[in-house]
2 protein chains.
Amino acid sequence: MRIGELAELAGTSTRTLRYYESRGLLPARRDGQGHRTYDEGDLRMLRQIRMLRDFGFELEETRPFVDCLRAGHPAGDSCPSSLAVYRRKLAELDGLIGQLADVREQVARQLSAAEAAAREAAGEPAAPRCEMTG
Amino acid sequence: MRIGELAELAGTSTRTLRYYESRGLLPARRDGQGHRTYDEGDLRMLRQIRMLRDFGFELEETRPFVDCLRAGHPAGDSCPSSLAVYRRKLAELDGLIGQLADVREQVARQLSAAEAAAREAAGEPAAPRCEMTG
DNA sequence: GTACGGCTTGACGTGGACGTCAGGGCAAGA
DNA sequence: TCTTGCCCTGACGTCCACGTCAAGCCGTAC
C-alpha cells in the first residue's frame with residue numbers, strides 16, 4: 001500500500017509517516033515511481049508507535065518496540081529492552097503524578113487561605129479552622 | 001535597583017526580566033542612562049510570578065496576580081480573578097492527574113501481560129492470576 | 001589609555017513532533 | 001487536453017519561555 005492509505009488506516013497523516021522515516025523509525029520501500037510502499041508489518045509497527053505515543057511516550061522511546069516487531073517477535077513488548085522502557089516509564093509516571101499531587105495540594109492551600117482572607121476582609125468573623133497548627 | 005540586582009534577588013536572569021517586560025508583565029522605569037530601574041514592589045511582583053511558574057502556571061496565568069499586586073492589594077491572590085485562576089488550575093491539575101493515573105494503569109497492565117508472556121515463553125507454567133476476569 | 005563590569009537592543013537557537021506551503025511529477029478519467 | 005488526485009522533496013512555521021551571541025554604550029578603577 002502507499003503512504004496515504006497507511007496513514008488513513010492508522011489514523012494519522014502522511015507528514016507523520018515521512019517524519020518517522022526521516023527519524024529512521026519506519027523506513028519504506030519504493031515502487032517504480034519512487035513512491036513509498038508499505039505492507040501489513042509496517043501497519044503493525046505504526047500502530048505500536050501510535051499506541052505508545054498516545055500513552056505519552058516520546059518517539060525515541062518507541063524504537064525498541066518497533067525493533068522488536070521488526071525482529072519477528074509476536075509483539076512489540078516481547079523484548080527485554082521494551083520491558084525496560086515500560087519500567088522506566090512507570091517510574092517516570094509515578095514521579096510526575098506525585099509531583100503534580102504536591103503542587104495540587106499547595107495550590108489548594110493557597111486558594112483556601114486566599115478565600116479565608118477575602119471572607120475576613122469582607123467583615124465575616126474569622127472562620128474556625130479545623131486542625132489548626134499554629 | 002537595576003536589572004542585575006533584581007534578577008539575583010529573585011533567583012532568575014536578566015534575560016527573563018527583559019522577556020517579562022516585553023510581554024507587558026513587569027514594565028520598568030528608566031534612569032538617566034536608559035537603564036531599567038526597579039523597586040521593592042517589582043520584587044514582590046516578580047516573586048509572585050516565579051512562585052506561580054514553579055507551580056507550573058503559564059506566564060499569562062500569572063498576570064491577574066501581578067495586576068492585583070499592582071492595584072495595591074496586600075497579596076497577589078487577594079482578587080477574584082486570581083482566585084478564578086487558582087480554581088481553573090486545580091481543575092486542570094485534577095484532570096491531568098487522573099489522566100496520568102489512567103495511563104499509568106494501562107502501562108502497568110501492558111507490562112504485567114508482557115512479563116507473563118515472557119515467562120510462559122521461557123517454559124514456566126502459566127502463573128495463576130489473582131482476580132481473573134476472563 | 002584601557003580594561004572591566006554592567007547595561008542596552010536585536011536577533012537567532014532550543015526542543016518535539018509534526019503542520020503547512022511551494023513547486024513539480026505522473027497516471028487515469030472526461 | 002485538461003483536470004483531478006496522489007505522490008515527491010525541501011523548507012519554513014508552530015508553541016513557550018527563555019538561553020545565547022553580537023555589537024556597542026557608559027562609568028569606574030587601575
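So that the names make sense, note that chain A is the first sequence line, chain B the second, and so on, each numbered from 1.
- Aromatic ring centroids of B/F55 and B/Y86 lie 6.0 Å or more apart.
- Atoms OH (B/Y38) and C1' (C/dG6) sit 14 Å apart, rounded to a whole Å.
- Salt-bridge formation is detected for the pair A/E60/A/R63: a Lys NZ or Arg NE/NH1/NH2 atom is positioned less than 4.0 Å from an Asp or Glu carboxylate oxygen.
- Under the 4.5 Å side-chain criterion, counting only non-hydrogen atoms from C-beta, A/R53 is in contact with A/L59.
- In this structure, A/I49 and A/F57 have side chains that are not in contact, with every pair of non-hydrogen atoms separated by 4.5 Å or more.
- Listed pair B/R2 / C/dG6 fails the phosphate criterion, with no side-chain N or O lying under 4.0 Å from OP1 or OP2.
- For the pair A/L46/A/Y20, a side-chain contact is recorded, criterion being any heavy-atom separation below 4.5 Å from C-beta on.
- End-to-end axis angle for the helix from C/dG1-D/dC30 to C/dA30-D/dT1, using five pairs per end and rounding to 10°, comes out at 50°.
- For B/R87 and A/E115, the salt-bridge test passes: some basic side-chain N is under 4.0 Å from an acidic carboxylate O.
- Using a 4.5 Å heavy-atom cutoff, the side chains of A/R30 and A/T37 are not in contact.
- The interatomic distance linking A/L59 (CG) with C/dG15 (C1') rounds to 13 Å, in whole Å.
- A/E92 has a carboxylate O that lies under 4.0 Å from a charged side-chain N of A/K89, or vice versa, which qualifies the two as a salt bridge.
- Rounded to whole Å, the distance from CG on A/D31 to P on D/dC6 is 16 Å.
- Spacing between atom CG of A/L6 and atom P of D/dC7 amounts to 10 Å, rounded to whole angstrom units.
- We find that A/D31 and A/R2 are not joined by a salt bridge, their nearest charged nitrogen and carboxylate oxygen being 4.0 Å or further apart.
- For DNA chain C, the residues of residues 13-30 of chain B within the heavy-atom distance limit of 4.0 Å (strictly under) are B/R15, B/R18, B/R30, sorted by number.
- Each of B/L17, B/T12, B/T14 was scored for a side chain to side chain contact (heavy atoms under 4.5 Å, CB included) with B/L6, with one residue passing: B/L17.
- Within residues 46-54 of chain B, the residues that place at least one heavy atom under 4.0 Å from DNA chain D are, in residue-number order, B/R50, B/R53.
- Nearest-nucleotide mapping onto DNA chain C: of A/E60 and A/Q33, the residue sitting toward the 5' end is A/E60.
- Criterion: ILVMFWY side-chain heavy atoms under 4.5 Å apart, direct or through other members. Under it, B/M51 and B/L69 are not part of a common hydrophobic cluster.
- Between the P atom of D/dC26 and the NE2 atom of B/H35 lies a distance of 9 Å, rounded to the nearest Å.
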